[in-house]
*Asks:* 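Sharing a structure with you now.
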Amino acid sequence: MPELPEVETIAASLRKKIVGLEIEEIELFLPKLLRGDAAELQRFKGQKIIGVRRRGKMLLLSCEDDLHLLFHLKMTGQFYWTKKGEPRDAPTHLGVSFKDLDRELRFRDVRKFGFLRCLETPSPFDCEELRPLGPEPLELDDRDFPGLISRRKGRLKSLLLDQSFLAGIGNIYADEILFEAGLHPLTPASRLSKKEIGRLWSAIRRILKKAVAAGGSSIRDYKDADGMDGLFQNDHRVYGRKGLPCPRCGANVRRLVIGGRASFFCPRCQRKKGRQKLTTRRV
DNA sequence: GCCACTGTTAGCAT
DNA sequence: CATGCTAACAGTGG
């Protein structure tokens with residue numbers, strides 16, 4: 001389930017351990033994990049890792065000589081460390097050992113949806129997988145958001161999940177963001193007032209920043225590369241909370257399916273547009 | 001055994 | 001072209 005905050009946390013945990021290390025061996029146990037030619041992987045032997053970055057939900061390990069490893073963890077991808085040469089378990093599909101280090105980095109993915117790709121280019125962010133992504137929500141200038149959303153028509157929930165709109169938001173944070181903004185997930189983007197666009201943008205920033213600070217959400221499989229759980233699952237206010245009271249108003253959280261995805265929201269705090277005024281009453 | 005599940009995409013409909 | 005919906009990927013867990 002790694003979304004932006006989880007991948008950001010994994011990148012940080014990986015970065016502090018592998019930058020500066022020289023790759024000794026790379027072993028691939030599941031050919032379909034790699035998009036491209038298996039021989040490309042061998043070019044990384046002897047290469048020093050100089051950077052670990054995130055773009056959307058993808059992770060980029062960069063070496064010298066314009067060589068990069070691009071990972072997508074999809075639903076269940078995980079990195080972890082073992083002692084060098086330790087037997088691998090069935091869902092472990094890749095092992096990377098380093099010169100002068102008695103441990104090795106492994107990648108496991110129970111559902112096998114994740115992928116790895118080798119890039120050789122000075123501009124890895126222009127590759128096929130990364131090019132279609134929209135802006136990074138935590139880097140986009142505040143002034144650019146209204147223009148970005150004004151060109152879109154779909155429902156807010158689907159829009160937030162659209163990686164070409166903003167990169168990195170997934171199902172959990174989309175629901176938490178819409179709750180924070182007080183907007184119904186079915187609201188058409190084209191019907192937002194200026195004020196609501198402002199609320200949506202600050203909710204996006206606030207929720208993602210808090211989730212990054214909390215190290216992401218550990219619901220099922222998610223752990224960072226050091227095996228640490230995130231804490232943001234404790235701050236979820238609607239996601240996965242069908243039938244439980246809304247923490248703001250006490251109404252029962254509802255669940256809807258939108259575009260095939262579960263969507264959780266508070267029917268009172270996130271009114272459908274057009275109903276707020278009718279139900280306003282004096283005290 | 002049946003259904004749901006975090007991500008994404010292809011294919012088809014509107 | 002844009003958007004919406006479903007199925008499919010493969011496995012685990014309730």
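Order of the sequence lines fixes the chain letters, A, B, ..., with proteins taken first and strands second; residue numbering starts at 1 for each chain.
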*Asks:* For a quick test of reading the model: is some side-chain N or O of A:Tyr239 closer than 4.0 Å to OP1 or OP2 of B:dT6?
*Replies:*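 Answer yes for this pair, as a side-chain N or O of A:Tyr239 is under 4.0 Å from OP1 or OP2.
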*Asks:* Grab the CD1-P distance between A:Ile172 and B:dT8 for me, whole Å please.
*Replies:*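 After rounding, the gap between these two atoms is 12 Å.
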*Asks:* Check for me whether A:Arg254 meets the cation-pi criterion with A:Phe264, that is, NZ or CZ under 6.0 Å from the six-membered ring centre and within 45 degrees of the ring axis.
*Replies:*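 Because its charged atom misses either the 6.0 Å distance or the 45° angle limit, A:Arg254 does not stack over A:Phe264.
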*Asks:* Tell me whether the OP1 or OP2 atom of B:dG7 has a side-chain N or O from A:Gln163 closer than 4.0 Å.
*Replies:*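 No, because none of the side-chain N or O atoms of A:Gln163 sits under 4.0 Å from OP1 or OP2 of B:dG7.
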*Asks:* Tell me the partner of C:dA2, counting only Watson-Crick (N1-N3 plus N6-O4 or O6-N4) or G-U wobble (N1-O2 and O6-N3) with both under 3.5 Å; none if nothing fits.
*Replies:*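 With both distances under 3.5 Å, C:dA2 matches B:dT14.
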*Asks:* Could you give the CG-to-P distance, from A:Asn171 to B:dC5, as a whole number of Å?
*Replies:*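 Rounded to whole Å, this separation is 9 Å.
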*Asks:* Let me know the distance between CE of A:Met75 and C1' of C:dA8, rounded to the nearest Å.
*Replies:*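 The answer, rounded to whole Å, is 12 Å.
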*Asks:* Strictly below 4.0 Å: does A:Arg255 bring a side-chain N or O up to OP1 or OP2 of B:dC5?
*Replies:*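 Yes, because at least one side-chain N or O of A:Arg255 sits under 4.0 Å from OP1 or OP2 of B:dC5.
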*Asks:* Sub-3.5 Å donor-acceptor pair from the side chain of A:Arg15 to the main-chain atoms of A:Val52, do we have one?
*Replies:*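 Yes, because the side chain of A:Arg15 sits within donor-acceptor range (under 3.5 Å) of the backbone of A:Val52.
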*Asks:* If we take the P atom in both B:dC3 and C:dT6, what is their distance in whole Å?
*Replies:*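 Each nucleotide's P atom is 15 Å from the other's.
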*Asks:* Taking atom P of C:dG11 as reference, at what distance in whole Å does atom CG of A:Asp221 sit?
*Replies:*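 Rounding to the nearest Å, CG of A:Asp221 and P of C:dG11 are 14 Å apart.
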*Asks:* Taking only N and O in the side chain of A:Lys57, is any of them less than 4.0 Å away from OP1 or OP2 of B:dT6?
*Replies:*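 The answer is no; no side-chain N or O of A:Lys57 sits under 4.0 Å from OP1 or OP2.
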*Asks:* With a 4.0 Å limit, can you tell me whether A:His72 has a side-chain N or O closer than that to the phosphate oxygens OP1/OP2 of B:dT8?
*Replies:*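 Answer is yes, contact under 4.0 Å.
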*Asks:* Below 4.0 angstrom, N of the basic side chain to O of the carboxylate: do A:Asp162 and A:Lys157 qualify?
*Replies:*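 Looking at A:Lys157 together with A:Asp162, the answer is no, because their closest N to O distance does not fall below 4.0 Å.
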*Asks:* Look at all strands and tell whether A:Glu6 reaches a base, only sugar-phosphate, or nothing, counting heavy atoms closer than 4.0 Å.
*Replies:*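 The residue A:Glu6 makes no contact with any strand.
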*Asks:* So does A:Phe98 get a backbone contact from the side chain of A:Glu22, meaning a donor-acceptor N/O pair under 3.5 Å?
*Replies:*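 Pair absent, no side-chain N/O of A:Glu22 close to backbone of A:Phe98.
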*Asks:* Relative to the 5' end of DNA chain C, which residue comes earlier, A:Arg220 or A:Gly154, by the nucleotide with the nearest heavy atom?
*Replies:*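 With A:Arg220 and A:Gly154 compared, the 5'-side residue is A:Gly154.
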*Asks:* Between A:Asp102 and A:Lys84, is the closest basic N to carboxylate O distance under 4.0 Å?
*Replies:*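 No, A:Lys84 and A:Asp102 are not salt-bridged.
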*Asks:* Take A:Arg261 and A:Leu159, find for each the nucleotide of DNA chain C with the closest heavy atom, and name the residue whose nucleotide sits nearer the 5' end.
*Replies:*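 Result of the comparison: A:Leu159.
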*Asks:* Within this structure, what is the CG-to-P distance between A:Leu4 and B:dG7, rounded to whole angstrom?
*Replies:*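 So the CG-P distance, A:Leu4 to B:dG7, works out to 12 Å.
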*Asks:* What do you reckon, do A:Tyr222 and the base of B:dT6 stack, with centroid distance below 5.5 Å and planes below 30°?
*Replies:*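 It does not: the two rings, one from A:Tyr222 and one from B:dT6, miss the stacking criterion.
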*Asks:* State which of C:dC9, C:dG11, B:dC5 makes the closest approach to the side chain of A:Phe113.
*Replies:*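 My answer, after comparing the listed nucleotides, is C:dC9.
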*Asks:* Ignoring backbone atoms, establish whether A:Lys112 has a side-chain N or O less than 4.0 Å from OP1 or OP2 of C:dC9.
*Replies:*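 For A:Lys112, the contact criterion (side-chain N or O under 4.0 Å from OP1 or OP2 of C:dC9) is not met.
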*Asks:* OP1 or OP2 of C:dA2 versus the side-chain N and O atoms of A:Arg151: is any pair under 4.0 Å?
*Replies:*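 So the side-chain polar atoms of A:Arg151 never come under 4.0 Å of the phosphate oxygens OP1 or OP2 of C:dA2.
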*Asks:* Can you find a donor-acceptor pair, distance only, under 3.5 Å between A:Arg155 side chain and C:dG4 base?
*Replies:*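 Absent.
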*Asks:* Measure CD/A:Glu129 against P/B:dG7 and give the value in whole Å, please.
*Replies:*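 After rounding, the gap between these two atoms is 18 Å.
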